[in-house]
> 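Sharing a structure, written as structure tokens. Questions coming.
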Amino acid sequence: MTADASKVVIRPFEIAVEPRDSNPVQLSRAKRIVGAVLDMPERSVAMELAFVLEDFAERHTETRAFFEARCESIMALLRLNEAVSPARRQLIGAYFSLEYAYAAAAVMNPSVVVHPDQKGVKRGHTRIVLSLRTVGEGHISSIAFREAELGPGTEIQLSDIPNSSIAAKAVVDGETVLMTVSEDTPLSATVLFPATPAQRNGLEDLRMTQFTAPSAKAMYYGTFTAYSGQEISSQMLETADFRSFKLRPLRGPAARNKGMALFPRKIHGQYAMIGRQDNESLYFLTSPEIDLWEEGTLIASPVEPWELVQIGNCGSPIEIEEGWLLLTHGVGAVRQYAIGAMLLDKDDPTMVLGRTAQPIISPVDDTRNGYVPNVVYTCGALALGRRLFIPYAVSDSSVTFGWLSIDDLIRNIQAA
């Protein structure tokens with residue numbers, strides 16, 4: 001999966017509302033634009049709106065509704081309450097809208113979970129959800145999704161991306177954001193954009209996991225990094241159906257760091273997390289609350305040459321018969337990123353039972369080149385029986401896929 005400038009969503013165009021120095025009557029740009037549309041003859045309004053709809057209506061499924069919502073927002077911002085015809089409202093909204101190519105620069109850092117809907121899937125196949133970090137104009141990161149089916153062997157069938165992608169509607173309540181899409185919006189067309197000041201420059205590196213609890217419906221959680229343009233913080237996404245999403249900050253001293261990954265179930269009655277508290281090593285954290293994280297216990301530091309600069313997790317731990325399988329990333333000479341693995345004790349994950357002496361995936365040949373060279377990276381893998389499916393990013397530019405035998409990987413870990 002590669003960058004694709006043809007995939008666009010319709011978004012608000014934020015025109016500054018403060019007065020311009022060159023405007024002698026101190027009207028804001030927004031008020032000037034709205035005033036010009038209000039002064040247009042109705043026939044001119046109809047013609048201009050027709051031109052706009054001819055250009056853009058077929059590119060988006062919610063064009064008119066979006067224009068109407070934008071008009072409502074701008075009129076409220078400017079404290080204008082005069083009666084305006086439907087066509088004029090649509091045209092005002094159009095002037096405060098833009099198309100945004102959310103994946104024009106890069107598609108990277110995927111994670112994966114089993115899809116909540118397995119209806120119609122053939123025997124031996126599994127429907128999955130991939131989360132993707134997509135990067136567009138201004139290097140703004142958003143969260144996109146892609147549905148796919150995994151079959152026997154190494155077969156993968158990616159779903160088509162509809163021509164029209166949809167930015168989830170966001171309702172902000174303090175630092176918490178509720179995002180929703182309509183029932184008929186395909187998941188592969190759903191995009192989550194930053195909505196709070198803490199998220200302004202990006203939602204980065206979602207690490208999804210399917211969380212299970214006794215006598216409770218399975219939930220999907222994902223930790224991600226919110227970037228304001230100056231500061232980072234760890235936040236969490238929560239969804240049961242990939243139609244509505246709750247995004248909220250994590251609390252506590254551990255949340256100041258990036259790259260946290262939630263275990264898929266409680267351990268001894270506590271939520272558990274793998275994090276990196278000192279920017280170079282791995283820590284095990286527990287908490288009675290899913291959004292509050294104190295300092296943890298050091299479990300692993302850089303040892304091998306390929307990871308000597310730093311190590312971190314590559315997604316949530318995966319429960320297998322032998323323990324918790326944790327994919328890791330290591331940074332070595334010339335800032336080369338590679339992927340390795342560790343095995344943690346199932347009852348006491350502070351105990352590292354083994355780790356790979358050499359990477360299991362490294363940048364070579366055509367995977368060296370990209371926006372950030374010499375990087376392979378994943379935010380999560382999936383165990384299907386004794387096979388491990390790993391979607392991973394190549395040089396912060398694209399996403400590809402790999403399969404590993406878990407039996408072979410465990411032998412490799414135990415022999416190290």
> Do the two ring centres, one from Tyr392 and one from Tyr377, sit under 6.0 Å apart?
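Aromatic pair excluded; centres sit 6.0 Å or further apart.
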
> Begin with the C-alpha distance, continue with both residues' side-chain angles, and end with the deciding distance and a verdict on ring-ring contact (aromatic ring centres under 6.0 Å, His included) for Phe67 and Phe96.
CA-CA 8 Å; Phe67 289 168; Phe96 293 88; over 10 Å; no

> Is there a donor-acceptor pair under 3.5 Å between the side chain of Ser395 and the backbone N or O of Arg368?
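Such a contact is found between Ser395 side chain and Arg368 backbone.
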
> What are the two closest non-hydrogen atoms of Ala341 and Thr328, and how far apart are they?
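Reported closest heavy-atom pair: N-OG1, 3.7 Å.
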
> Are the side chain of Thr185 and the backbone of Val181 linked by a donor-acceptor contact shorter than 3.5 Å?
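Flag not set: sc Thr185 to bb Val181 has no pair under 3.5 Å.
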
> Would you indicate whether Gln157, at its atom CD, is surrounded by more than 12 heavy atoms from other residues, nucleotides or ligands within a distance under 6.0 Å?
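12 or below, so no.
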
> Once you round to the nearest 0.5 Å, how far does CG of Leu343 lie from OG1 of Thr356?
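Rounded to the nearest 0.5 Å, the CG-OG1 separation comes to 11.0 Å.
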
> Would Glu147 and Arg127 count as a salt bridge (charged side-chain N to carboxylate O under 4.0 Å, His left out) if you check the C-alpha gap in whole Å, the side-chain angles of each, and the deciding distance to 0.1 Å?
CA-CA 7 Å; Glu147 295 169 292; Arg127 184 176 292 136; 5.7 Å; no

> Donor-acceptor check, side chain of Asn374 to backbone of Asn369, threshold 3.5 angstrom: yes or no?
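No: the side chain of Asn374 does not pair with the backbone of Asn369.
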
> Salt bridge between Glu175 and Arg248, side-chain N to carboxylate O under 4.0 Å?
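No salt bridge links Glu175 with Arg248.
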
> Determine whether Glu322 and Arg386 satisfy the following criterion, salt bridge (charged side-chain N to carboxylate O under 4.0 Å, His left out), listing intermediate values before the conclusion.
CA-CA 11 Å; Glu322 293 85 351; Arg386 298 297 286 183; 2.7 Å; yes

> Count the heavy atoms of every other residue, nucleotide or ligand shown that sit under 6.0 Å from CD of Glu137, and state whether that count exceeds 12.
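12 or below, so no.
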
> With distance as the sole criterion, is a donor-acceptor pair present between the side chains of Gln199 and Gln235 under 3.5 Å?
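The criterion, which ignores hydrogens and geometry beyond distance, is satisfied for Gln235 and Gln199.
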
> Evaluate Glu99 against Arg11 for salt bridge (charged side-chain N to carboxylate O under 4.0 Å, His left out), listing each step before the verdict.
CA-CA 6 Å; Glu99 279 193 333; Arg11 298 278 293 150; over 6 Å; no

> Quick one: does Gln270's side chain have a donor or acceptor within less than 3.5 Å of a partner on Ile267's backbone?
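Looks like no, no N/O pair under 3.5 Å.
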
> Can you establish whether the number of heavy atoms outside Glu72 located under 6.0 Å from its atom CD is more than 12?
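No, the 6.0 Å shell around CD holds no more than 12 heavy atoms from other groups.
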
> Hey, could you give me the CE/OG distance between Met260 and Ser234, rounded to the nearest 0.5 Å?
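If we round to the nearest 0.5 Å, Met260:CE and Ser234:OG are 5.5 Å apart.
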
> Does Lys346, at its NZ atom, have more than 12 non-hydrogen atoms belonging to other residues, nucleotides or ligands within less than 6.0 Å?
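It does: Lys346 NZ has more than 12 such atoms within range.
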
> With no hydrogens and no angle check, is any side-chain donor or acceptor of Ser287 less than 3.5 Å from a backbone partner on Ile290?
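No; zero donor-acceptor contacts below 3.5 Å.
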
> Near Gln118 CD, under 6.0 Å, is it more than 12 heavy atoms from other residues, nucleotides or ligands?
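Atom CD in Gln118 is packed in, count exceeds 12.
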
> Could you tell me whether the side chain of Asp278 and the main chain of Ser281 form a donor-acceptor pair under 3.5 Å?
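Confirmed, Asp278 side chain pairs with Ser281 backbone.
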
> Using a strict 4.0 Å threshold on nitrogen-to-oxygen distance, state whether Lys169 and Glu62 make a salt bridge.
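Answer for the salt bridge query: yes.
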
> Going by the ring-ring contact (aromatic ring centres under 6.0 Å, His included) test, name the single residue among Tyr271, Phe211, Phe245, Phe263 that passes it with Tyr221.
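Among Tyr271, Phe211, Phe245, Phe263, the one that satisfies the ring-ring contact (aromatic ring centres under 6.0 Å, His included) with Tyr221 is Phe211.
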
> Can you tell me if Arg276 uses its side chain to pair, donor with acceptor, with the backbone of Ile311 under 3.5 Å?
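Confirmed, Arg276 side chain pairs with Ile311 backbone.
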
> Salt-bridged, Asp117 to Lys119, with N to O below 4.0 Å?
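Salt bridge flag = yes for Lys119 with Asp117.
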
> Verify whether one side chain among Arg133 and Ser141 offers a donor that lies under 3.5 Å from an acceptor in the other.
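Their side chains do contain a donor-acceptor pair, which is all the 3.5 Å distance test asks for.
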
> Hey, does the side chain of Arg59 reach the backbone of Phe56 with a donor-acceptor pair shorter than 3.5 angstrom?
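Side chain of Arg59 to backbone of Phe56: no pair is present.
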
> Side chains of Ser405 and Asp407: is there a donor and an acceptor less than 3.5 Å apart?
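Absent: no donor and acceptor within the cut-off.
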
> Tell me if the OH atom of Tyr371 is crowded by more than 12 foreign heavy atoms within 6.0 Å.
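Check fails, neighbour count at 12 or below.
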
> Donor-acceptor check, side chain of Ser111 to backbone of Met208, threshold 3.5 angstrom: yes or no?
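Yes, because the side chain of Ser111 sits within donor-acceptor range (under 3.5 Å) of the backbone of Met208.
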
> Could you check, using the six-membered ring where one of them is a Trp, whether Phe13 and Tyr95 have ring centers closer than 6.0 angstrom?
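No; Tyr95 has its ring centre 6.0 Å or more from that of Phe13.
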
> I'd like to know if the side chain of Ser188 reaches the main chain of Pro186, judged simply by a donor and an acceptor atom lying under 3.5 Å from each other, with no hydrogens or angles considered.
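No; judged by distance alone, with no hydrogens or angles, the pair does not exist.
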
> I'd like to know whether CZ of Arg335 has more than 12 heavy-atom contacts from other residues, nucleotides or ligands below 6.0 angstrom.
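No, because the 6.0 Å sphere around CZ of Arg335 holds 12 heavy atoms or fewer from other groups.
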
> Please determine, by modelled atom types, if Ser165 and Tyr102 share a side-chain donor-acceptor pair under 3.5 angstrom.
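Side-chain D/A pair, Ser165 to Tyr102: present.
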
> As a quick check of understanding, evaluate salt bridge (charged side-chain N to carboxylate O under 4.0 Å, His left out) for Lys122 and Glu149, giving each step before the final call.
CA-CA 10 Å; Lys122 294 185 294 186; Glu149 280 194 18; over 6 Å; no

> Identify the heavy atoms of Ile10 and His60 that sit nearest to each other, and give their distance.
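Nearest heavy atoms, Ile10 then His60: N-CE1, 3.7 Å.
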
> What I'd like to find out is whether the side chain of Ser28 reaches to under 4.5 Å of the side chain of Leu78, using heavy atoms alone.
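A side-chain contact exists here, since the closest heavy-atom pair is under 4.5 Å.
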
